[in-house]
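A short write-up of the structure that comes next.
Bear in mind the structure is a predicted one, so any value in this text is a computation, not a measurement. As a basis for the values below, the full set of heavy atoms in this structure was taken, side chains included, without hydrogen atoms, waters or symmetry mates. Naming convention: chains lettered A, B, ... in sequence-line order (proteins, then strands); numbering from 1 in each chain.
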Protein chains: 2
Amino acid sequence: MATTPEDEQPARQPWGSEQRELDAGELTRVLGEFTRASIRLPGTERHSFTTLSVLHTLTHRGPLRLSALTENEQITQPAVTQLVGRLEREGLVERRSDPGDGRAVLVAVTPAGARITRARHRDRVRRLARLTAEGLSAEERRAIDAALPALAHLATLMTAEREERRRRGDR
Amino acid sequence: MATTPEDEQPARQPWGSEQRELDAGELTRVLGEFTRASIRLPGTERHSFTTLSVLHTLTHRGPLRLSALTENEQITQPAVTQLVGRLEREGLVERRSDPGDGRAVLVAVTPAGARITRARHRDRVRRLARLTAEGLSAEERRAIDAALPALAHLATLMTAEREERRRRGDR
DNA sequence: CCGGGTATATCGGCGACTTATATAGGTTGC
DNA sequence: GCAACCTATATAAGTCGCCGATATACCCGG
């Protein structure tokens, strides 16, 4: 580790003048700040990050087996069983039996659970809309808007790579 | 994951043709995906998100009091005391007494602690650099690069607002 | 030097993970 | 058509990291 020259980031990648397309160091830093700013609201909110993530997944992908949930959220299967039990007690999800497989359990979000996901999303949209409208210039807003498809693509790549890694057993 | 069934919000804001500058809903969705993809590596890594965040803060802002740390990380003061105790036992930070205030404790990151922060950052940069280089088009990379200053600004605004809120006691 | 505020520590408890293992249902080969 | 194996979920026991309440030590103004 002491063998690392210039242990912080290499300032700028020497893409070559105008060829330089993207500063990965700066992108990393910015995404990290977003994460640090977004997370750590579980104190404020009533549910943990994992809980909200499960509700989100179920809301967007329909009823899933416990094993499918285990793969998406990065926790172990017993943890999912417990989490679903808690959510069920709160009336946010319900267990159904899989008609084609007696071993499996399908977890479906209830209206109350979907409501939480939507309310949370709505709050975040509102907050971001206000911040961008009040704090950013029109030019900045346009620059972000123009980058949104590319950012969405990048997020997809990150998720895909994570799944790939899990599949290979790098847990 | 790429195919998000759009849970049910007002699709697009009716900014009015070319006046529309930024789709806050889509921005929210993308940032959320980044968070979901970035977090949940504590299984992979040896330290929790909070731990890494504290090391990050100490690395970038120099020795801080416990109370200053408590304000930055979104956890309570006893939790910070414990966390610092753990980090101290691992040799990642050290406690110093504040020369001007006998009650206060200054927490400073050690070389070993800084090394962890740097190594983690380096890994993330490497991963993002590879993903963007291999998975994105040159046009996409340029679009993200052009938006980076605006995104950094937005991240600053989010952090500032969070501190503001905490100061008002909205915990 | 005393009373009230501030900075950190300690205590008891709990929630949300973990690993290891149990149970029940499904699948396959012979 | 059943023994052996595999898969899906559940349970058990332990750990870790957080919280609220409270204790302790120090600072400061009158």
Whole-Å distance between [N] [atom2] and [X] [atom1]?
| X | N | atom1 | atom2 | value |
| --- | --- | --- | --- | --- |
| B:R46 | C:dT18 | CZ | C1' | 18 Å |
| B:D98 | C:dT8 | CG | P | 8 Å |
| B:L83 | C:dT8 | CG | C1' | 14 Å |
| B:H47 | C:dT18 | NE2 | P | 17 Å |
| B:D101 | D:dT24 | CG | P | 20 Å |
| A:L106 | D:dT9 | CG | C1' | 12 Å |
| B:E73 | D:dG17 | CD | C1' | 14 Å |
| B:E71 | C:dA7 | CD | C1' | 12 Å |

Original post:
Among side-chain atoms of B:S67 and B:E71, is any donor-acceptor pair under 3.5 angstrom?
Top reply: no
Original post:
Distance only, no hydrogens: is a donor on one side chain within 3.5 Å (strictly under) of an acceptor on the other, for A:S53 and A:E73?
Top reply: yes
Polar pairs (N or O, both sides) under 3.5 Å between protein and nucleotides 5-7 of chain D?
from: D:dT7; atom 1: O4'; to: A:R103; atom 2: NH1; distance (Å): 3.2
from: D:dT7; atom 1: O2; to: A:R103; atom 2: NH1; distance (Å): 3.1

Return the [atom1] to [atom2] distance between [X] and [Y], rounded to the nearest 0.5 Å.
| X | Y | atom1 | atom2 | value |
| --- | --- | --- | --- | --- |
| B:R127 | B:L131 | CZ | CG | 5.5 Å |
| B:R29 | A:H60 | CZ | NE2 | 9.0 Å |
| A:L92 | A:T51 | CG | OG1 | 9.0 Å |

Can you name the atoms? Protein N/O to nucleotides 21-23 of chain C N/O, anything below 3.5 Å, with the distance.
none

Original post:
Of A:R86 and A:G100, whose closest DNA chain C nucleotide lies nearer the 5' terminus?
Top reply: A:R86
Nearest-nucleotide pick for [X], side chain only, options being [options]:
| X | options | value |
| --- | --- | --- |
| B:R95 | C:dT18, D:dT9, C:dA9 | C:dA9 |
| B:Q82 | D:dA12, C:dC11, C:dT8 | C:dC11 |
| B:L66 | D:dC27, C:dC17, C:dA9 | C:dA9 |

Original post:
Among A:T159, A:T35, A:T57, whose side-chain hydrogen bond (donor to acceptor under 3.5 Å, both in side chains) with B:R36 holds?
Top reply: A:T57
**OP:** Taking A:R95 for its side chain and A:E88 for its backbone only, find out whether a donor-acceptor pair lies under 3.5 Å.
**Re:** no
Subject >> N/O donor-acceptor pair under 3.5 Å between B:T132 side chain and B:A129 backbone >> reply: yes
Quick one: is [X] getting a side-chain N or O under 4.0 Å of the [N] phosphate, OP1 or OP2?
| X | N | value |
| --- | --- | --- |
| B:T76 | D:dG20 | no |
| A:T81 | D:dA10 | yes |
| B:S67 | C:dT8 | yes |

Original post:
Checking side-chain contact (heavy atoms from CB on, under 4.5 Å) against A:V80, which of A:V54, A:N72, A:L69, A:T50 comes through?
Top reply: A:L69
Subject >> Pairing of B:R86 and B:E90 as salt bridge, 4.0 angstrom limit >> reply: no
